[in-house]
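Here is the structure we will look at.
Numbers here are sequence positions counted from 1. All ligand and atom numbering here is 1-based and tracks the order in the structure. Atom set for the values below is all heavy atoms of this structure, side chains included, hydrogens, waters and symmetry mates excluded.
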Amino acid sequence: MSILVNIVGLGLIALIVWWFWLYRPTAAAQSNSGAVSITVDDGVYSPSRVSVKSNQPVVLRFMRKDPSPCAAMVIFDDLNISEELPVGKPKEISLKVEKPGTYAFTCQMKMYRGELVVEG
Ligand SMILES: [Cu+2]
């Protein structure tokens, strides 16, 4: 019995390690028109990786479908942006980033995770 418990425990630890340290967003979206729609559902932003050009205004349109409190906020830590997302209604966040780089955006618990890639 205790072996089974240990296996389950190890599995959980592996899952947590994968989720928090190893998981990297892969889906990519390029902003051409200046607006990118991002769906918030099932624990993921889709797309979870958005490429934009530096010094160009871009609108990120977040569409939250997940009613759980986990999805309530989107936070761009490095850009000092934190916005509340209404359920079922698009929320537009306008931004213009000067410095090229990769900027993470997350929910307030960092379960939802995405990356804004700013190209120079
Ligand atoms: Cu969350």
Checklist entry - Applying the side-chain contact (heavy atoms from CB on, under 4.5 Å) test to Val50, which of Ile38, Val58, Val118 qualifies? => result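 When side-chain contact (heavy atoms from CB on, under 4.5 Å) is applied between Val50 and each of Ile38, Val58, Val118, only Ile38 qualifies.
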Next on the checklist: Can you list everything that forms a side chain to side chain contact (heavy atoms under 4.5 Å, CB included) with Pro86? Sequence neighbours excluded, please.
Outcome noted: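 Checked Pro86 against side chain to side chain contact (heavy atoms under 4.5 Å, CB included); matches are Lys89, Lys91.
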Next on the checklist: Once side chain to side chain contact (heavy atoms under 4.5 Å, CB included) is applied, do any residues pair with Ser94, and if so which ones, sequence neighbours excluded?
Outcome noted: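 Checked Ser94 against side chain to side chain contact (heavy atoms under 4.5 Å, CB included); matches are Val59.
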Checklist entry - So which pairs with a foot in residues 60-80 pass side-chain hydrogen bond (donor to acceptor under 3.5 Å, both in side chains), sequence neighbours left out? => result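 side-chain hydrogen bond (donor to acceptor under 3.5 Å, both in side chains) check on residues 60-80 returns Ser37-Arg61, Arg61-Glu92, Asp66-Ser68, Asp66-Tyr112.
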Item to check | Protein N, O or S atoms under 2.8 Å from the Cu ion (ligand 1) | outcome: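 Under the 2.8 Å cut-off, the count stands at 3.
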Next on the checklist: Hydrophobic clustering (ILVMFWY, side-chain heavy atoms < 4.5 Å, transitive) - are Val117 and Val44 grouped together?
Outcome noted: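 Not linked; separate clusters.
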Checklist entry - Parallel, tilted or perpendicular: which describes the rings of Tyr45 and Phe105, with under 30° parallel and over 60° perpendicular? => result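 Answer is tilted, since the angle falls between 30° and 60°.
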